[in-house]
Each structure stands twice: as C-alpha cells, then as structure tokens.
There are 2 protein chains.
Amino acid sequence: MKSTHTPTMKDVAARAGVSLGTVSKVINHIPVGEKNREKVNLAIKELGYKVNTYARGLKTQETKMIALIVPDTTNPFYARFTQYVEKKLYEKGYKLILCCANGIPEKEIGYLNLASQNKADGIIALTYTDVSSFIPAQIPIVSFDRYFENHPVPLVASDNFQGGFQGTKKLWELGCRRPVFIRFRSKFSSETDKRLEGYVAACKELNLPSDCLDLTDPPDIDASLKAYLEDHKDSRGKLTLDGIFANTDHQAYHAMKILNQMGYRIPEDVQILGFDGIRKYGIDDSALYVSSMCQPVEDLAYLCVEILLKKKEGGVVPSLSLLPVTYEYGGTTRQSNTPMQAYGASNEQQCKHLGI
Amino acid sequence: MKSTHTPTMKDVAARAGVSLGTVSKVINHIPVGEKNREKVNLAIKELGYKVNTYARGLKTQETKMIALIVPDTTNPFYARFTQYVEKKLYEKGYKLILCCANGIPEKEIGYLNLASQNKADGIIALTYTDVSSFIPAQIPIVSFDRYFENHPVPLVASDNFQGGFQGTKKLWELGCRRPVFIRFRSKFSSETDKRLEGYVAACKELNLPSDCLDLTDPPDIDASLKAYLEDHKDSRGKLTLDGIFANTDHQAYHAMKILNQMGYRIPEDVQILGFDGIRKYGIDDSALYVSSMCQPVEDLAYLCVEILLKKKEGGVVPSLSLLPVTYEYGGTTRQSNTPMQAYGASNEQQCKHLGI
DNA sequence: TTTTAAATATGAAACGTTTCATTTATTTGT
DNA sequence: ACAAATAAATGAAACGTTTCATATTTAAAA
C-alpha cells in the first residue's frame, strides 16, 4: 500500500503512461508532443505531484535562493532595503534567506558560507563586522556599503561623497556659514565614511571651516552632543555654529532633540541636515522628520540583485556602483524656492576621492 | 585534471584512506574511531570540503529552513517579529526564508507551498489575504493572529480580548468615563478583532457606553476622525468624550495629531491609549510615543517557532496560544501611582469570548 | 510503396549524500 | 593463547531528479 507516499516523477510517468524523461521535459517546459504533455499534466494534477527541490538541486546545482545579510531588520533603512531585495528576487524567481546578523560575527560568517554549501546561489552582504578574510572564493557575492579588503567583491552604495558634498553646498546655499559634521567613527572602513570626505571637500571649496564632532557610543550620544554645543556658545549664549550635518537621520534626530531642549530654534538658529532619507520612506508620520540627503534605497536594492544575478551567470559586473543621493526638505532646514542644484565636486576632488 | 572540481565526500574518503560511511559518520558527529576521525577531519580541511545540502536533503528530506510570511517588513511590528523569529530559528539551527507578501495573494500562496516542494520544513504565516483554502495539508504550519477557516492550524496571538478589556479598565481607572474605540474594520476575521470585544465587555461591566468609530481607509483616516470629533462637542466646544482607545498605536498617533491640531490637550482633555507597544520596542526616540497595550513580540515570535518545530517533530501542540499584553505608560494617559492591576474579565464573559 | 530525414520518446547513468546489512578489527574472559 | 563478544569500518543501495545517447515514431521525399 503506497497511500501515504509523496508522489514522485516515476509515479507521474507510470500514471501518464510515458517515460521519466518525458515527464521531466513537461515539468521544465521543454517542447514535447501535445498529447503526452496533456497526459502528463493530467497525471500531475491527479496525483498532486510537486517537484522535489533537493533531487533537482542535486543535478542542477542551483537553489534559486539568495542570502541577504543585514545587521538588523528593525532599523527602518535596512528593513526597507530587505523588502526591496525580496521583491526583486521574487520577480526573478528567487527566494530570500534572511540573516539578521545583530553584530554577531560568527553569524555573518556562517551565512557567508551558505553559498559554498549549496544552500544559496549567492550572497548580498551588508555586514557589520569585519569579515574580509572569510569571504569565500568563487561564489557570487555583492557587498552593500562595505569595502572588503583584498577581496574583489562588487560594491554597491550611495554616492556618499557626492551626498556629503552636495548636502554641504545646500546648507551653505540656505545660509549656513558655520557648519559642523557629526558622526560615529565607525570601526571598519565603510563606504559611508565618504560622507565626511564630501563635507570636508565642499567646505574647502567654500572657504568654510570643516568642523567635525565624533560622537561617543550610546547611551552617551546626547551627552557628547550637549557638551559640544555648550562649548560653542558665545558670551551672549548664542551658538557659534549655525548648521549641523549629521551622518545619519537618526543622529540628526538626536541633535534636534538636544537643541530643542536647550531652547534653540530650528531652523532659525541652527539648520539640521541628516543623511539616509528614512522619513521619505517612513510608513507613518511618526518617523523622523528632518531634512535629509536621501539614499535611493529601492534602486540600491535592485542594483544589488541585478549585479549579483549577472555575476552568477558569469557576466562581467562593475566593481563599484554608486547611486546618487538627493536632498529632501523635511522641516529642519530653511525653505528655499530655488530647486536643488546638481552640484558636483570639482574634477580634481572627484579624482582624488576615487583614487585615480 | 580535476583541479576545478568541488571536493565531494568520495574525495575526502580517498584522501583519508577510509570508506564513505566513515566520512559520513564524522560529518554527522556519529562516534567513530579516534584515529579515523582525525584523518577525515584533516582531509576535510585540506580539501576545503563542504557538505552538499542537496544530496543530503535528498536523503533526509529535511531542509532546515522555515518560511515566514509577513505582510510588510517595513512595519516596525512585523520587522521586530521577523527579527525575533530569525533569531530563534538560528539558535535552533534553522534558516529563515522571508516572504514580504505585500498584499499579493499569489505570493502568499506560493510561499505556503514551499514546504510541499521540499524547500522548507515548515511555515509561519502572518497572512494578509484570505488564503484559508490554500493551506496545504500534512505540513507543519503555524499562524500568527489569523484564523484559518476549516483548517486546524495552530494559532498564536496576543490575548487581544484581555488587552481590550484591561486597557479599558485602565482608562477608567485613570478617570476616563466617555471612551471611544477607534479602528479599521478588517476585511478578514483576525484575532485582533477581539480587542474591540474586550473593550465592549469592559464597558458593559463598568456601565459605560461603548462607542466605536470605524475609520475609513487611508488617506481619509484623519478626515473621518476629525468629523467624529466635531460631532462630539458640546455647545461650549468641549468634547463629550474623554478617552480614545485605538486599535493600533498607529491609529493612536493619528488621533494624537488631530487632537493637537484641534487644540485639545492630551491627556488633560482626552486620554489616548494605543495597542501594540511599538514605541517600547522602537529603535529610536522618534517612534510612536503613546501609552499602549503592549504585545510581547519577542515571546510571540519564540512561541511560533517552538510550536512549529514541535509540530514538525510530530508533537502535540495547542491549537490556540494567547500571550498576555501589558499596559505601558507613554505620555498620552494620565500618570497613575498605582501599579497596573491584573484585571480579568468575568468568568462569564471569558467563556463567551472563548466560545465555551 | 519504399527510403530518408526529422521529430519525439526512452531509460540508464549520474548527481553526493545517508543508511544498513556485512565484514573486519579489537577487546574481554577463561 | 583461543573463543566469544563487542566495537568499528565497509560499501552497495537508495533518495528523485536531469541529461544524453539511443531507439522509436512520424513526416517528407522519391
């Protein structure tokens, strides 16, 4: 009695009265005599046959799965990135294996190996820790924002340098003359470090001082900000700075909070510009509400997928792809009636930044 | 020349000078002579051998993957749920296949079938559309919040009835005497509908009117709220209601916004209580800031995983598991110095709600 | 018709594991 | 030192596909 037995291709073949090969062809949409195709399809339906992915994978060596490594889905930016990656993969017939690394290096490394174990066809890595030396060779992998030393991994990112540069120019255009850049100093070199470089480059071009504050780790982020602001008051209590360019929207939000607490008006006393554009993509009105240099999350996600799949097919892909960021007004900068200008860094600076 | 050939168990066996079976045992941590184990491990290292998941899966019929279907990872609640599911699965040696259904029924159905195709060992479904009739039989599946008609799918959810009940009592304790419940009327029956039932039950017990406003779809959510409030003013412009119990934190936030716009004070004029507890789990201070009946997201996620895996092992699992929600002060209700009481619905009401 | 060419269908082999009935080596008891 | 008992290692078979060389059918040409 084989009642409790998942039907296999052999069962289908028997029922339809054809050979195994014919069934296989029908399943894989390879042309086959019309009569047979119908017989096979009928048998499949009657038996409720489902292809066994393992048996197939064993032959084809394809899983149709892509692993995505992110630090934390709870972060709106990553959540959105994940969502778009999944969407694109789905359209292309792939499934997403999600890894929330949460800063656990072994976890990141484990998922990096998924492809070598035939559990995934490729990896999109937005790693947090330094896993350069664990990048498996010979497998399709794309990195978002992180630069892996000594490993030729295609990198996709926003044009952080341009973002930093243009944001600074925009602040200047809106009247800011004493900006300060605030950020965490990241432990590992990341594409996002270029934001500061862009800021510095623009300040130089504008003959502005390029102050920068390195925030300390949470939970003291507010404290270090406050201390910095107290240090930058004149005798009348007026701030000697008039603009804050924050490395992320989140940091911008903190700055906003502190300034409010200290009684300064935004944007009248101090303008604030963030980076990421979380608000634009926020699911509800409660999300961050700051002016921001906005990353094209959707396009970034799509590009990662496209490059990864192309690489998987053996195609030649760019080792670096930078997508432009855009200025989005969010209430913490002065209103301006002139549209955003497409500021560009000078050729010289651009070259220096690209290292060419 | 076999230089460009992924090493297989056979290669390892040859190199170590042992049989295939021995290699298999070493890999699966089945006791084996010490000398041989060392030889095999050495060979594995030297060759860089990785087990081929497909070949293994073909034999074992296990994928060590679980699919999670959520409507949208961009929603902080789902994002957090996803994160915890992934964490628990990882601990148990499973990987997560993520489906952001985004309201696309075919997508949900496709992922529901993943298990029958041997791509996943089980499914955790937080579906948006009505997919009752597509639930595959015989495969491990757990539902979060959604009730599938005619299908004995284990359901995990917050105790929404108790939450509605206790929240109402809490509002009353804080002085509210004219509450109104606001919500979207959901298209498909969901466990969350019980929040309203709990509210109604509590109102009855407290001899309060149990007003309820069904919000219209976005983007008119604000409009319908505003209209309702305008309708509930007395001649002097004072509101005839003094408390809003919102079905979700998000709706509570909208209520907060409108009330602010209309010049009412919170919580002095109107108290607001939300449901979900997003703020408590928010990654930054910009998240919703309302008093809320807080769902134990972490425990809910863990429970889903545990029940799923138990079911997969053939264990007997509860068909319904409800976890308690807790009141969290968030600024939109009056301060109270009495700790939250563990209010319970009366026995009679409890029975009615459970249908027993 | 018969021959030839084109189109289809066939089924054995292979993919890389796990499993299990056997065989071989080791230990124990006398 | 020998038999019996126990432990360890072996390798063929099986998992359910895909593939490809071969066989069969069908259609076209002579």
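Using cut-offs of 30° and 60° on the angle between ring planes, the pair A:Tyr54 and B:Tyr54 is tilted.
Remark: P of D:dT25 and CG of A:Asn36 are 13 Å apart, rounded to the nearest angstrom. Residue A:Glu62 contributes atom CD, which lies 17 Å from atom P of D:dT17 at whole-angstrom precision. One can place CD of A:Glu34 at 13 Å from P of D:dA27, the figure rounded to the nearest angstrom. In this structure, B:Arg56 places its CZ atom 8 Å from P of C:dT17, rounding to the nearest Å. A straight line from NZ of A:Lys10 to C1' of C:dT10 spans 15 Å, rounded to a whole angstrom. Atom-to-atom, CG of A:Leu20 to P of C:dG11 comes out at 9 Å; the value is rounded to the nearest Å. Atom CE in B:Met9 sits about 11 Å away from atom P in C:dG16, given to the nearest Å. The NZ-P distance, from B:Lys39 to D:dA8, rounds to 15 Å in whole Å.
The side chain of B:Tyr54 contributes no N or O atom lying less than 4.0 Å from OP1 or OP2 of D:dT18. Contact between the side-chain N/O atoms of A:Thr8 and the OP1/OP2 oxygens of D:dT17 is found at a separation under 4.0 Å. The side chain of A:Thr22 contributes an N or O atom lying less than 4.0 Å from OP1 or OP2 of C:dT10. Distances shorter than 4.0 Å separate some side-chain N or O of A:Ser19 from OP1 or OP2 on C:dT10.
Counting non-hydrogen atoms of other residues, nucleotides and ligands closer than 6.0 Å to CD of A:Gln61 gives a total above 12. Within 6.0 Å of atom NZ in B:Lys50, more than 12 heavy atoms from other residues, nucleotides or ligands are found, so the atom counts as buried in its surroundings.
Across D:dA9, C:dT10, C:dT17, the shortest atom-to-atom separation from the side chain of B:Lys59 is found for C:dT17. Which of C:dT17, C:dT10, D:dG16 sits closest to the side chain of B:Gln61 comes down to D:dG16. Listed nucleotides C:dT10, C:dG16, D:dT17 differ in distance to B:Asn52; the shortest reach to its side chain belongs to C:dG16.
Across all non-hydrogen atoms, the minimal contact from B:Phe81 to B:Ala301 is CE1-CA, 3.6 Å.
Judged by a 6.0 Å distance limit and a 45° cone about the ring axis, A:Lys107 is not positioned over the six-membered ring of A:Tyr128.
Listed by residue number, B:Ser24, B:Asn28 are the residues of residues 23-31 of chain B with a heavy-atom contact under 4.0 Å to DNA chain C.
Residue contacts shown for B:Gly33 are limited to sugar-phosphate atoms, with no base heavy atom under 4.0 Å away.
Using modelled atom types, one side-chain atom of B:Asp121 and one backbone atom of B:Lys64 make a donor-acceptor pair closer than 3.5 Å.
Judged by distance alone, the side chains of B:Thr73 and A:Gln83 do bring a donor and an acceptor atom under 3.5 Å apart.
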